[in-house]
Amino acid sequence: MDARSVLAHGVGGRQDLPLSLAQLVVAAAITLVITFLALGVLWREPRLDASDTAGRPVPAPITRIVDAAAARWVLRGLGLLLAGWFCVGLLGGPDTPDNPTAGVLYVLVWVGLVPASLLLGPVWRAVSPLRTVHLVAVGLFRRDPEAGLRAVPSAVGLWPAAVGLFAFVWLELAAPERATLPVIGTWLVGYTIFLLAGAALYGANWFARADPFEVYSALVGRLAPVGRTADGTLVWRNPLDGIAGLRPEPGLVAVVTILLGSTMFDSLSNAPGWLRFGQESGLPAVVTGTGGLIVVIGAVALAYLAATRGAAGLGGSAAPPAGGVDPVAPGRVPGELAHSIVPIAVGYLIAHYYSLLILEGQRTIALLSDPLGTGADWLGTAGWEPRTGLITPDGVAALQITVIILGHLLGTLLAHDRALHLFPRRRAVTGQLPMLALMVAYTVAGLLLLYAG
C-alpha cells in the first residue's frame, strides 16, 4: 500500500510546535511525577470497581433492542457481507495500489477497531465473520457452539492470541511485499485455518483466546463507557472501572507488550536513522524489519517485567499487617498490573495512526466501490476525495502529544489503584516507584519516536 509510506504518522521532527523536544519531554516527565505524588497523598484507598458487577444498567428499551436475536444476526450478517465484499477485491481485483484490500485490512480493520471499540466495546466479537461461519456450521449439525471436543486448557490463556497478534504486526511491519494480494491472502488463509480448526476442537471459546482481532478489540473495549456484567447485563460504566476489571491470565502480558512494542517499532521504522541503518547494513529488509520488531517488543517487555518485579520487591511484605492485604507473590504482579499498559498502548495507537485512518481510510472507502478495478461505482463512493480538515499539522501534533501523555497518566492511576489492592498500604506508594520510572521511560521513548518518525 504505497500511500502508507507517504503519510506521516508522527510529529516528524517539525520545529513549529509551542515547545521544543527537550521542553516537551521534561514537561511530560514532571507531569507524571506530580501525578504520582498527588495520588500518593490524595488516593489512599482503592476507588475503582474492578468487580464483574460494576456499572449502571442501560435503560430496558435500549437493552431489549441491543440484545434481541434479530439485532445480533443483523450484525453477524453485516460482518459476513463486508467480508464477502472484501474477498471480491482479494480474489478478483487487480494487484495494484488501487485495490482496496490492503487498506481494508491495515486501516479500516486494524486501526479502525480502536475508535470503534473505545466507543462501543468489543465490536469484533459481534461482527467476526469466522465466528458466524462457525456458529452456522455447528447449527447445521445441531451442536452447542460452545462445546468443542475438549475444553481449552487453562494454561493456554491468551497465548494463541499473542502468537496471532505477533504474526499480524509482522505482516504489517516487516513482511516482504506485505501490501500485495498473494501475501495478504496467504496470511488470511493461515488465520482462517488456525481459528476454525481451533473452534472445531475447543468450541467458540477458542475465538476469545486465539483471534488477535477479537482480543485486541476486547482489550480496547474495556475502556468503553458501555460494557457487560458477569451475567451479561448491559451497563453504563466508568471506563476506568472497565479496564480495572481486566484480570491476569497466561499470555496477557505478552499481548499488551506486543501491542505497545509493535507501535513503537512502527514509529522507529520511519525514522531517518533506522532507514539509513537498513540501507547501510546490506541485509534484506525483512531481516532488519523482523529483527527490529523483535528487539523493540522484547525491550518493552523486559522493561515492564523488570519494573513489575521491582514493584513486587518494594511493595511486598513477608507478612501482612493487621487489617492489611495478603502478601502478593512476585510472579503475579506482572499480570496484575498489565491492565495499566492498555491505555498507554491505546494512546500510542491513536497518536501514530490517526492521520493514516483519516486520509487512507477515506481513500479505501472510495476504492471499495470498485474492488475489481473495472471502472464501476457500486457503492457510489468512487468519486470521494479525502477531506483533510481534521489533520492540520498543529492539530495532529497536539492530539499526538495529548493522547500519549493522557495514556501514561491513566496508566499511572490504574497502577496506583491496583497497588493499593496488592500491597500493604504503608508500602503501596513505595512499591510503585519502579512503575513510575517505567511510565516516564515509555513516555520519553514515545515522544522521541514521534519526533523522529
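Any value given below was found using the heavy atoms of this structure, including those in side chains, with hydrogens, waters and symmetry copies removed.
A centroid separation of less than 6.0 Å is found between the aromatic rings of Phe213 and Phe168. Side-chain rings of Tyr191 and Trp187 approach one another, their centers coming within less than 6.0 Å.
Between Arg178 and Ile184 the shortest side-chain heavy-atom distance does not fall below 4.5 Å. At a threshold of 4.5 Å between non-hydrogen side-chain atoms, the residues Asp266 and Leu449 do not count as touching. In this structure the side chain of Val429 never reaches within 4.5 angstrom of the side chain of Leu39, judged on heavy atoms. Side-chain contact check for Arg150 versus Leu201: some heavy-atom pair is nearer than 4.5 Å. Considering only heavy atoms from C-beta on, Trp73 comes within 4.5 Å of Thr132 through its side chain. Using a 4.5 Å cut-off on side-chain heavy atoms (C-beta onward), Leu219 and Leu252 make contact. Considering only heavy atoms from C-beta on, Tyr442 comes within 4.5 Å of Ile341 through its side chain. Two residues are said to be in side-chain contact when any heavy atoms from C-beta on lie closer than 4.5 Å; Leu260 and Phe265 fail this criterion.
Between the Asp241 side chain and the Gly55 main chain, no donor and acceptor come within less than 3.5 Å of each other. Side-chain atoms of Arg418 come within 3.5 Å of backbone atoms of Glu336 as a donor-acceptor pair (strictly under, hydrogens ignored). For the pair Gln432 (side chain) and Ala428 (backbone), a donor-acceptor distance under 3.5 Å is present.
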Stepwise side-chain contact (heavy atoms from CB on, under 4.5 Å) check, His339 with Arg222: CA-CA 9 Å; His339 71 303; Arg222 286 259 176 194; over 6 Å; no
- request: Show the numbers, then the answer: is there a side-chain contact (heavy atoms from CB on, under 4.5 Å) between Glu360 and Val107?
  value: CA-CA 7 Å; Glu360 192 65 15; Val107 180; 3.8 Å; yes
field: ring pair (Phe, Tyr, Trp, His ring centres under 6.0 Å) evaluation trace for Tyr216 with Trp124
entry: CA-CA 9 Å; Tyr216 168 56; Trp124 187 256; 9.7 Å; no
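Scanning all heavy atoms of the two residues, the minimum distance from Ser262 to Ile297 falls at N-CG1, 3.8 Å. Here the closest non-hydrogen pair linking Leu349 and Thr263 is CD2-OG1, 3.4 Å. Here the closest non-hydrogen pair linking Ala50 and Ala244 is CB-O, 3.3 Å. Nearest heavy-atom pair, Ala179 versus Ala102, reported as atom, atom and distance to 0.1 Å: O-CB, 4.0 Å. Shown here for Met439 and His408, the closest heavy-atom pair between the two residues is O-CD2, 3.3 Å. Thr308 and Leu305 get closest at one heavy-atom pair: OG1-O, 3.1 Å.
A tilted orientation is assigned to the rings of Phe277 and Trp274, their planes being inclined by 30° to 60°. Using cut-offs of 30° and 60° on the angle between ring planes, the pair Phe194 and Trp206 is perpendicular.
Atoms CG and CZ, from Leu108 and Phe86 in turn, are 10.0 Å apart once rounded to the nearest 0.5 Å. Distance check: Phe166 CZ to Leu293 CG gives 4.5 Å after rounding to the nearest 0.5 Å. Rounding to the nearest 0.5 angstrom, the gap separating the CG atom in Leu188 from the CD1 atom in Ile193 is 11.0 Å. Atom CG of residue Leu409 and atom OG1 of residue Thr35 lie 4.5 Å apart, to the nearest 0.5 angstrom. Leu75 CG to Ser128 OG: the interatomic distance, rounded to the nearest 0.5 Å, is 12.0 Å.
A salt bridge links Asp67 to Arg228: at least one charged side-chain nitrogen sits closer than 4.0 Å to a carboxylate oxygen.
The environment of Trp159 atom CH2 is sparse: at most 12 non-hydrogen atoms of other residues, nucleotides or ligands sit within 6.0 angstrom.
Between the side chains of His352 and Ser267, a donor-acceptor pair is found at a separation under 3.5 Å. Side-chain polar atoms of Thr229 and Thr53 form no donor-acceptor pair below 3.5 angstrom.
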